[in-house]
There are 2 protein chains.
Amino acid sequence: MAEIPLRHRSPVSLRDCNLSKSFELIGDRWTLLILRSAFWGLRRFDDFQADIDVPRSVLSNRLAALVESGIMERREYREAGQRARIEYPLTRMGQALGLPFMAMTAWGDKWLADGISPLTLRSKSTGQKFSVALVDEGGKRAKGSDIEIVIHSRFARKRRR
Amino acid sequence: MAEIPLRHRSPVSLRDCNLSKSFELIGDRWTLLILRSAFWGLRRFDDFQADIDVPRSVLSNRLAALVESGIMERREYREAGQRARIEYPLTRMGQALGLPFMAMTAWGDKWLADGISPLTLRSKSTGQKFSVALVDEGGKRAKGSDIEIVIHSRFARKRRR
DNA sequence: TTCCTGAGTCTAGAATCTAGACCTAGATGA
DNA sequence: TCATCTAGGTCTAGATTCTAGACTCAGGAA
């Protein structure tokens, strides 16, 4: 992997950058852990609290922020003969974070655990392993040297220095 | 997209989870923004500082942590006739974060910016667009309903309740 | 000799985090 | 009827971290 060419300033401002906007919403240790638990199917306050041992006031704040940004939903539900309770399921927007999370997990497997993955994803029908990859429209994996970054002119910032 | 089945506890403990280990290293707003700048080719202390307007002491801490964890390298370099300076290039481990970051960017494009992407990735040779996807060994995209999660028995936690 | 630049450190006040106690409303048990 | 339990929180005080901005330090240039 070649070194990235030196530059002194990002060509897209933070204001226009959807990556930095994403980080503003979920780029915090507890938020990320809450989402991890949510992907496992957790939905209730006390379950989150026990699962990741987060301070209750922090959990409260983070859930409110996740609801505010549309990643989770705050919903009443009622089990037969029980009183109403609250649950926090992922919205479609939240579920769509699955792909970045899988990519992040694969990175962790490779670089933090010597390639040992506690879990793998595979096809129910064919049994083949799934993995996250950068592919073209036909599903062919991108080669590092063949990738070109195109910045939409409306967002491009003048190069300085 | 169907709802995730309810569960009360993650089947893999935080200790074994490479996703949570990853979050421990980079799951912090400033660290994420520093890495974003690094992917654009920034390498120098003052460039990072100006690019994302991070407090200098925080930048100093975060860079040290990134070096400590092997994501960046602290390196002296010398331009012709100049004194030695320091730069912080991404290591291979750091560059490998590119894929999760691209996935995250695509998420942000879709959900935070109405699908408007300041940047796209395409093939230099064929001009085709690249995108991050979950694919099988042959490059075929995974269908949500066909994905099965397999937890390696060594790491599986007993299901409670 | 003074200035400049890159790469930091230091400081004090503000904001946030943490552990843990407490609160509340409905269902349940005695 | 009264106390108890539970889910889903709030409140508090003390510890930690963050922030803006001033300062430092070394090597080269003017």
Side-chain angles (χ1 to χ4, degrees), chain A residues 6-10 14 20 23-35 37-38 41-68 72-90 160-161, chain B residues 6-9 14 20 23-34 37-38 41-68 72-90 160-161:
Chain A
L6 182 66
R7 206 190 277 252
H8 296 287
R9 190 188 188 209
S10 302
L14 282 186
S20 78
F23 292 160
E24 233 158 274
L25 298 187
I26 64 160
D28 150 88
R29 218 174 87 73
W30 288 122
T31 302
L32 291 164
L33 290 178
I34 290 165
L35 290 171
S37 295
L42 277 76
R43 283 183 220 150
R44 319 231 271 229
F45 193 93
D46 280 15
D47 289 343
F48 286 119
Q49 200 281 316
D51 199 49
I52 59 177
D53 201 27
V54 53
R56 305 177 73 80
S57 53
V58 172
L59 178 57
S60 182
N61 287 344
R62 297 298 189 276
L63 287 174
L66 286 165
V67 169
E68 171 71 25
M72 283 179 151
E73 186 186 342
R74 183 181 197 276
R75 194 164 70 184
E76 270 199 8
Y77 71 98
R78 183 184 293 272
E79 280 172 354
Q82 296 284 342
R83 69 186 153 118
R85 311 237 186 240
I86 310 296
E87 63 177 0
Y88 294 91
L90 290 169
R160 213 165 46 180
R161 287 220 282 172
Chain B
L6 182 66
R7 204 189 277 253
H8 295 287
R9 189 189 190 210
L14 282 186
S20 79
F23 292 160
E24 234 157 275
L25 298 187
I26 63 160
D28 152 89
R29 218 174 89 71
W30 288 122
T31 302
L32 290 165
L33 289 178
I34 290 165
S37 296
L42 277 75
R43 283 186 220 149
R44 320 231 269 228
F45 193 94
D46 279 16
D47 289 343
F48 286 119
Q49 201 281 317
D51 199 48
I52 59 178
D53 201 27
V54 53
R56 307 177 72 80
S57 53
V58 172
L59 178 56
S60 181
N61 287 343
R62 296 300 189 275
L63 287 174
L66 286 165
V67 169
E68 171 70 26
M72 283 180 149
E73 185 187 343
R74 183 180 198 277
R75 195 163 71 184
E76 270 201 7
Y77 72 96
R78 184 183 293 271
E79 280 173 351
Q82 297 285 342
R83 67 184 154 121
R85 312 240 186 237
I86 309 296
E87 62 177 1
Y88 294 91
L90 291 168
R160 214 164 46 179
R161 287 224 279 170

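Both backbone and side-chain heavy atoms feed into the values below; hydrogens, waters and symmetry mates do not. Labels below follow one simple rule: chain letters A, B, ... track the order of the sequence lines, proteins then strands, and each chain is numbered from 1.
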Here the pair of heavy atoms bringing Leu14(B) nearest to Leu33(A) is CD2-CD2, 4.0 Å
Heavy atoms only: give me the nearest Leu32(A)-Gly27(B) pair and the separation to one decimal. CD1-CA, 3.8 Å
Would you mind writing out the side-chain donor-acceptor pairs for residues 57-67 of chain A within the sub-3.5 Å range, not counting sequence neighbours?
unit_1   : atom_1 : unit_2   : atom_2 : d
Arg62(A) : NE     : Asp28(A) : OD2    : 2.9
Arg62(A) : NH2    : Asp28(A) : OD1    : 3.1

Once you round it to whole Å, what is the distance between [atom2] of [N] and [atom1] of [X]?
{"X": "Leu33(B)", "N": "dC18(D)", "atom1": "CG", "atom2": "C1'", "value": "15 Å"}
{"X": "Arg62(B)", "N": "dA7(C)", "atom1": "CZ", "atom2": "P", "value": "19 Å"}
{"X": "Arg85(B)", "N": "dG8(C)", "atom1": "CZ", "atom2": "P", "value": "12 Å"}
{"X": "Asn61(A)", "N": "dC11(D)", "atom1": "CG", "atom2": "C1'", "value": "12 Å"}
{"X": "Gln49(B)", "N": "dC18(D)", "atom1": "CD", "atom2": "P", "value": "16 Å"}
{"X": "Leu59(B)", "N": "dT9(C)", "atom1": "CG", "atom2": "P", "value": "10 Å"}
{"X": "Asp47(A)", "N": "dA7(D)", "atom1": "CG", "atom2": "P", "value": "8 Å"}
{"X": "Glu79(A)", "N": "dT28(C)", "atom1": "CD", "atom2": "C1'", "value": "16 Å"}

Does [N] have OP1 or OP2 under 4.0 Å away from a side-chain N or O of [X]?
{"X": "Trp30(A)", "N": "dC17(C)", "value": "no"}
{"X": "Ser60(A)", "N": "dG8(D)", "value": "no"}
{"X": "Tyr88(A)", "N": "dA7(D)", "value": "no"}

From CD1 (Ile52(A)) to CZ (Arg29(A)), nearest 0.5 Å: 8.5 Å
Phe45(B) side chain: which of dG8(D), dT18(C), dG8(C) is closest? dG8(C)
With the side chain defined as heavy atoms from C-beta on, Arg74(A) is closest, among dG9(D), dG6(C), dC17(C), to dG9(D)
salt_bridge([X], [Y]) N-O dist < 4.0 Å:
{"X": "Arg85(A)", "Y": "Glu76(A)", "answer": "no"}
{"X": "Arg75(B)", "Y": "Glu87(B)", "answer": "yes"}
{"X": "Arg56(B)", "Y": "Asp46(B)", "answer": "yes"}

Which letter, B, S or -, goes with each nucleotide of nucleotides 20-29 of chain D from 5' to 3', with contact meaning a protein heavy atom under 4.0 Å? B-B---BBSS
